[in-house]
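The shown structure was predicted, so the numbers you read here are calculated from the model rather than taken from an experiment.
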Amino acid sequence: MSPHLMELSASTTLLVYPASQAEDESKEENGVLGFNSNFQEMKGEMPKEFFWPSGDLVKATQEELMEPLVDLGVMRNGDEKAIAIAAELVRNACLKHGFFQVINHGVNPDLIDAAYHEIDTIFKLPITKKLTAQRKPGAVSGYSGAHADRYSSKLPWKETFSFLFHHQGFSNSQIVDYFHSVLGQDLQHTGRVYQEYCEAMKELSSVIMELLGISLGVDGLHYRRFFEDGDSIMRCNYYPPCNSANLTLGTGPHTDPTSLTILHQDQVGGLEVFADNKWRAVRPRSEAFVVNIGDTFMALSNGRYKSCLHRALVNTYRERRSLVYFVCPKEDKVVRPPKFLITKNEERKYPDFTWSSLREFTQKHYRADVATLQSFIQWQSSSNSSNF
C-alpha cells in the first residue's frame, strides 16, 4: 500500500502508512501517521481526519489568561513570609483555573536548550525510523503521529514522542536505555539529555508539590512524599506548520488526566486555557515553566483545585515545539485526599482509585476531554458492580 501524501509546507509532507508497513506490507492494520521532510513536490488537500468541528474551532483569542508568575526561589531561601505569599498566588490560581507559571525554578537554561535541540533530532528522523519506535496500543511510551494509532477523526496536527520516568528503583540510565532499545545507538546522546531533563523535572515537581501542600493548608511534605516513588511521563511535542491552521488543532480541548503538568513552550505560542467562559492565551516565557493541575491532583485535593480545559493551536508558517513532564504517582498507589481536607461540611468528591486504572481508562477506553474524571468514576463504578 502506498502512503497517502500531502504538502504541509515547502519542506514537509504528511504520510499515512499502514501500521505494519515496516514489517509486513501484506497485513491490513490501522494507519500510522507521520510527518516526513523528504518529499517536497507532493501537493494535495488536508485529509478529512484532521478537520475539527466548527464548535471547537473558536477564533484564536487575543486575551491572555493573566495567570500568576510564582518565584520558586523563596522555597530555597526559606523566607516564610515570601513562601506564604507564593502559596496564596498558587491557591488563588488553582481555585479558579489551575494554571500558573514558575520562575527561578533552578533548571539550567542550557539543559532546556539541549532538550529542544533533541526534539529536532527525534522528529527529523526518517519516518521509517520513527515507526520502529511506534507506541504500542494501550501503552504510553513511543512515537505517535497525530495519535492516528488511537483515533480516526479529529486528529491533532502534531507528532509526539513519550517515555516513562520512574522516580525510584530503576537505574540512573533508564531513559538512555530506552532510547537505545527503540531507536538505536545513534540516539544515546538524546537519551542522556532527557535522562538529565527528567531528573531536573523530578526535583522541580517536588518543590511545586511542597508549595501546593502549603497552599492547601496540609503538611507541606504530604504531596511531596506521595509522589516520591512516582512513575511520571515525559513527552516531546512537535507541531509542523499547517496551511489549513484554521480548520484543525494541535491538541484538542481536554483536561490532563495526570496529576501535575510542567510545560516549557517555545516562543511561537498556541497554548490556550478556557477560563471565565472564553479561551485565553498563555504567554510563552523562556525563563518560566507553565504548571497546571491535572485530574488526579484534583481528586487529591478533593476537588478544591481545578483541572481546567485547555488546547493547543497550530501556526500557518512556523513550527511549534514543547517539552511536557506529566507528574504521576506510582501506578498502584491509591489516590485519596488527605484527611485534613475532609470536613463535616465537605464530603468526599471522588472515590478511591489508582493511577493505573485511570491511565488504562484514558489509553484504552476514553479520549480525554473536560469530563474525563467523572466519566472514569462512572466506568469504575460500573466495572466494580459487574464483578459482583
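Side-chain atoms of R91 and S215 form no donor-acceptor pair, as typed in the model, at a separation below 3.5 Å. Looking at Q174 and Q195, their side chains never bring a donor and an acceptor atom within 3.5 Å of each other. Counted by atom type alone, E118 and T121 present one or more donor-acceptor pairs between their side chains at under 3.5 Å. With 3.5 Å as the limit, one finds no donor-acceptor pair spanning the side chains of N237 and T160. When only modelled atom types and interatomic distance are considered, K158 and T251 share a side-chain donor-acceptor pair under 3.5 Å. Checked by atom type, the side-chain pair D332/T354 shows no donor-acceptor distance below 3.5 Å.
Separation of atoms CD (E210) and CZ (R225) is listed at 9.5 Å; rounding is to 0.5 Å. One finds the CD atom of Q101 at 11.0 Å from the CZ atom of F289 (value rounded to the nearest 0.5 Å).
A donor-acceptor pair under 3.5 Å links the side-chain atoms of S301 to the main chain of M298, judged by distance alone. Y350 places no side-chain N or O within donor-acceptor distance of the main-chain N or O of T296, the cut-off being under 3.5 Å. A distance-only check finds a donor-acceptor pair linking the side chain of S375 to the backbone of A371 [under 3.5 Å]. At least one donor-acceptor pair closer than 3.5 Å links the side chain of W52 to the backbone N or O of L155. A donor-acceptor pair under 3.5 Å links the side-chain atoms of K306 to the main chain of G303, judged by distance alone. The main-chain N or O of F353 is never found under 3.5 Å from a side-chain atom of S357 such that the two would form a donor-acceptor pair.
In this structure, K154 fails the cation-pi test against F51, since its NZ or CZ atom is not both closer than 6.0 Å to the six-membered ring centre and inside 45 degrees of the ring normal. Figure legend: cation-pi geometry between R321 and Y238 absent, as NZ or CZ is not positioned both under 6.0 Å from the six-membered ring centre and within 45° of its axis.
Residues V268 and I112 do not share a hydrophobic cluster, defined by chaining ILVMFWY side chains whose heavy atoms lie under 4.5 Å apart. One hydrophobic cluster, built from ILVMFWY side chains closer than 4.5 Å, cannot hold both M66 and V282; they sit in different ones. No chain of hydrophobic side-chain contacts below 4.5 Å, direct or via other Ile, Leu, Val, Met, Phe, Trp or Tyr residues, connects I103 to L323. In the hydrophobic clustering of this structure, L72 does not group with I85; members are Ile, Leu, Val, Met, Phe, Trp, Tyr whose side-chain heavy atoms approach within less than 4.5 Å, directly or through other members. Transitive grouping of hydrophobic side chains (ILVMFWY, heavy atoms separated by less than 4.5 Å) keeps L69 and V207 in distinct clusters.
The aromatic ring centres of F179 and H189 sit 6.0 Å or more apart. The aromatic ring centroids of W157 and F50 lie less than 6.0 Å from each other. Residues H264 and Y116 bring their aromatic ring centres within 6.0 Å. The aromatic ring centres of Y194 and F163 sit less than 6.0 Å apart.
Other residues, nucleotides and ligands contribute at most 12 non-hydrogen atoms within 6.0 Å of the CD atom of E196. Heavy-atom neighbours of K330 NZ from other residues, nucleotides or ligands within 6.0 Å: at or below the threshold of 12. In Q267, the CD atom is crowded: over 12 heavy atoms of neighbouring residues, nucleotides or ligands sit closer than 6.0 Å.
Between F340 and the choices D219, V218, L216, N302, the side chain to side chain contact (heavy atoms under 4.5 Å, CB included) rule is met once, by V218.
Here E331 pairs with R359 in a salt bridge; the nearest charged N to carboxylate O distance falls below 4.0 Å.
Residues Y223 and P338 form a side-chain contact, since some pair of their non-hydrogen atoms from C-beta on lies under 4.5 Å apart. With contacts defined as side-chain heavy-atom distances shorter than 4.5 Å, the pair Q188/V176 qualifies. Side-chain atoms of P337 and R348, non-hydrogen and from C-beta on, do get closer than 4.5 Å to each other. The side-chain heavy atoms of N292 and L260, taken from C-beta on, include no pair separated by under 4.5 Å. Put simply, the side chain of I233 reaches to within 4.5 Å of the side chain of C328, judged on heavy atoms.
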Could you give me the CA-CA distance, side-chain angles and deciding distance for F361 and F376, then say whether ring-ring contact (aromatic ring centres under 6.0 Å, His included) is met? CA-CA 7 Å; F361 177 69; F376 164 70; 5.6 Å; yes

Stepwise side-chain contact (heavy atoms from CB on, under 4.5 Å) check, S322 with Y239: CA-CA 9 Å; S322 64; Y239 303 85; 4.0 Å; yes

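Under the 30°/60° scheme for interplanar angles, the aromatic rings of F227 and F297 are found to lie parallel. The aromatic rings of H310 and F99 sit perpendicular to each other, their planes meeting at more than 60°, with 30° as the lower class boundary. Ring geometry, H167 versus F165: the interplanar angle falls from 30° to 60°, so the pair is classed tilted.
Listed here is the closest heavy atom pair of E272 and R311: OE1-NH2, 2.7 Å.
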